[in-house]
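Presented below is the structure to which this report refers.
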Amino acid sequence: MEIQITLPDGKKKTYPKGVTALDVAKDISEGLARNVLAAKVDGNVMDATLPINDDADITLLTWSDDEGKSTMWHSSAHLLAEALQHFYPGIKFAIGPPIENGFYYDVDLGNQQISDKDFAKIEQKMLELAREKNTYIRHEISKKDALDYYKKKGDEYKLELIDELEDGTISFYEQGGFTDLCRGPHIPNTGFIKAVKLTSIAGAYWRGDEKNKQLTRIYGITFPKQKELKEYLELLEEAQKRDHRKLGKEMGLFTFSQKVGMGLPLWLPKGAILRERLENFLKLAQKKAGYLPVITPHIGGKELYVTSGHYAKYGKDSFQPIHTPHEGEEYLLKPMNCPHHCELFNAEPRSYKDLPLRFAEFGTVYRYEQSGELHGLTRVRGFTQDDAHIFCTPEQVKEEFKKVIDLVLYIFKTLSFDNFIAQVSLRDPEDREKYIGSNENWRKAETAIKEAVEEAGLDFVVEEGEAAFYGPKLDFMVRDAIGRKWQLGTIQVDYNLPDRFELEYVGSDNSKHRPVMIHRAPFGSMERFVAVLIEHCAGKFPLWLMPDQVKILPVSDKFNKYAQEVLNKLNNYDIRALVDERSEKVGRKIRDAEVEKMPYMLIVGDEEASNGTVSVRKQGEGDQGTHTVDSFAELVNNEIEALLGN
RNA sequence: GCCGAUGUAGCUCAGGGGUAGAGCGCGUCCUUGGUAAGGACGAGGUCAUGGGUUCAAAUCCCAUCAUUGGCUCCA
């Protein structure tokens, strides 16, 4: 019996039935066969060593394929388990999947302890086992036998997993002296793993539920070449240099104080200037887009949040109410601006002619976050949202939504954020209880978002179960220096709050109607946005955002006076400059200015002072020749205008 | 909140049961310079906090606090 194998380039070849992907690879070239980690057969990733019995499309997966990498990391998790089993008798295994950068295994060590000091010996053992080139052998096994195996081992985690599997679909994988419940696929043998690095150790709850027992999670990563591990570690190191916490400190942008409280950032002058520029930039864009400014207080009466539904949902997990000393009133620190904005809408009778009504506010909100979750400026307890709420008719929703998408994209483009992910977050179809509002409204909102996103031509991913409890949303996600995903901009459709606050407008038919609300924040929060911006540009902000744009470097003390004259002139042009008056050589002043990422340096000495000029040096680019102060100012302002696209 | 790690000068970090260390930064003085580090001298620390062990603790032990890597959560 022969079968036909179709390769990705469309080439068809005939092989005897039962041929393996590895055989096919060997047929193509020995070199390829040495690099095949797994195979995709009719769209399913499987072991390269399994027989293929029917005509099939196959793709051979190597290290250059994401699926090849994750197969190897999955196999690496098994290898880690085998090594752990060697050192920690009685260890129980939970789950050990591949992840984006490597893999982990969750284990229950019983009374034994493990720490990162043990990593070296575990890594060595893994490499030793890898060198044995043990094959990963797949065993199809009956549910009963699977259960018996783990009953004997006393591993309740695997038993729980098997319990949920259907008989006939269960497989074990065995390599060397280790057998694990596993769907697969795996690499042919452990020999592909040439470099191993265990990266961290952490607690993780069994099945991700904090009510369950906490297991020990060991993270690691492996590579087929030692060199690649080295490169990866260097990359990590580079990324850490961009960490906004480090750069924020170095550049004097923000700080924290124990006395003020954890998760409550303090903006230093330079950071405040940066943030102010961002705010002004957005304010201008919003003004053009028809937003109206509003201002609301930092606290709100408890009833406000009872009405909005937030009290029932988050009351217990918020900063607790503030009580007035004599009247016994209760106020909450505002965790969001929308209830206040609803009351602004309600302040006057509204006509359909007023809609869409767009209320914008840089509103500072306070949310209780668990202490362990706080992180630099990306996860804080007090932050300022670039918030706005659009009140519109149901017919206007899609159009307004699209306009907001345009605004977000304009902002991202201006700041050259290009590698964001647009994520449409919908309800969890399994768990309707989590959400408030009618099915009808949810369906309307979800449809409006999907249509708006499609019409805007945006690439997006859909995540079920990620919606806010009151409505679906479109989030713009970006990654930070260490690869973590953060939500920046967000746009959310809400049919719920207008109901709860009984918002109404008079339609053209002279009867009352309920408006729809769109919550939106292009930056998300100023804190998080600045954090991501810092990491994105490694502290080299666009010129218009730089807290200090120009440093004037007198060649010697004798020219400090002329430097001050230049400074005054630049101030008149609204250029933020300062003078390096230290008694240092100009080479030193240049170096320091370069290191602190000063966009422009103006060297002034005898020649410049007598001609009323400056010698211009651009950060990272070097000498730009001599300019008059006026022409330099023009140059800077032109550059800024070009960046802002005005 | 839970599990792990860390906490020494303004910053980055070394050290380690018996006078507290380096580099950078900072200050003073010398030098007055031309496109990425001039020189000399100096100031700065109850070694996170509180207990314990010890003749003696920054060092060992315990607790607390903070920071940090994860987990859970995230309007």
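Chain A is the first sequence line, chain B the second, and so forth, proteins listed ahead of strands; every chain is numbered from 1.
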message: For A:R207, is there an ion pair with A:D209 - N to carboxylate O distance below 4.0 angstrom?
response: no
message: Is it the case that the side chain of A:R358 and the backbone of A:C392 share a donor-acceptor pair, with hydrogens and angles ignored and the cut-off at 3.5 Å?
response: no
statement: 5' to 3', nucleotides 3-15 of chain B under a 4.0 Å protein heavy-atom cut-off (B base, S sugar-phosphate only, - none) gives BS-S---------
A:F359: ring-ring contact (aromatic ring centres under 6.0 Å, His included) partners, not counting sequence neighbours: A:F391
task: Name all residues meeting the salt bridge (Lys or Arg N to Asp or Glu O under 4.0 Å) criterion together with A:K569; count only those two or more places apart in sequence or in a different chain, and write none if there are none.
output: none
field: Contacts of A:E607 that satisfy side-chain contact (heavy atoms from CB on, under 4.5 Å) - sequence neighbours left out
entry: A:N611
message: I'd like to know if A:R381 reaches the base of B:C74 with its side chain, counting only an N/O donor and acceptor under 3.5 Å.
response: no
- prompt: Ring of A:Y314 versus six-membered ring of B:A75: centres under 5.5 Å and planes under 30°?
  reply: yes
- prompt: So do A:Q549 and A:M546 actually touch side chain to side chain, heavy atoms under 4.5 Å?
  reply: yes
field: Stepwise side-chain contact (heavy atoms from CB on, under 4.5 Å) check, A:I201 with A:F119
entry: CA-CA 9 Å; A:I201 189 165; A:F119 282 180; 3.8 Å; yes
message: Over all strands shown, is A:Q258 touching base, sugar-phosphate only, or nothing at heavy-atom distances under 4.0 angstrom?
response: sugar-phosphate
message: Can you see whether A:F87 has A:K121 sitting over its ring - NZ or CZ less than 6.0 Å from the centre and within 45° of the normal?
response: yes
Sugar-phosphate, base or nothing in reach of A:D317, heavy atoms under 4.0 Å: base
field: RNA chain B: stems of at least 3 consecutive Watson-Crick or G-U pairs whose donor-acceptor distances fall under 3.5 Å
entry: B:1-7 with B:65-71, B:10-13 with B:21-24, B:26-30 with B:38-42, B:48-52 with B:60-64
field: Side-chain donor/acceptor of A:E369 to base of B:G1, under 3.5 Å
entry: no
Which pairs of donor and acceptor atoms, one on a side chain in residues 465-478 of chain A, lie under 3.5 Å apart (sequence neighbours left out)?
{"residue": "A:Y470", "atom": "OH", "partner": "A:Q492", "partner atom": "OE1", "Å": "2.2"}
{"residue": "A:K473", "atom": "NZ", "partner": "A:D475", "partner atom": "OD2", "Å": "3.3"}
{"residue": "A:D475", "atom": "OD1", "partner": "A:T490", "partner atom": "OG1", "Å": "2.7"}

task: Verify the contact: side-chain N or O of A:Y366 to OP1 or OP2 of B:A75, cut-off strictly under 4.0 Å; return yes or no.
output: no
field: Pairwise P distance, B:C41 and B:A5 [rounded to whole Å]
entry: 44 Å
Close N or O pairs between protein and nucleotides 26-31 of chain B (under 3.5 Å):
{"residue": "B:U31", "atom": "O4", "partner": "A:S583", "partner atom": "OG", "Å": "2.9"}

Proximity to RNA chain B (any heavy atom under 4.0 Å), residues of residues 514-534 of chain A only: none
field: Closest to side chain of A:S556, choosing from B:C65, B:G33, B:C74
entry: B:G33
Gap between atoms NZ and C1', on A:K597 and B:A36 respectively (whole Å): 14 Å
task: Check ring-ring contact (aromatic ring centres under 6.0 Å, His included) between A:F401 and all other residues, then give those that pass, not counting sequence neighbours.
output: none
- request: Determine the Euclidean distance between corresponding P atoms of B:G42 and B:U8; express it in Å to zero decimal places.
  value: 26 Å
- request: Identify, with sequence neighbours excluded, every residue that meets side-chain contact (heavy atoms from CB on, under 4.5 Å) alongside A:P498.
  value: A:D494, A:L503, A:R514, A:M517
task: Just jot down the side-chain contact (heavy atoms from CB on, under 4.5 Å) partners of A:E210, sequence neighbours excluded, or say none.
output: A:Y205
field: Short side-chain N/O contact from A:H375 to OP1 or OP2 of B:G69, under 4.0 Å
entry: yes
task: Could you state the atom-to-atom distance from CZ of A:R591 to P of B:A37 in whole Å?
output: 7 Å
message: If you take any heavy atom closer than 4.0 Å to RNA chain B, which residues from residues 612-626 of chain A end up in contact?
response: A:S615, A:R617, A:D623
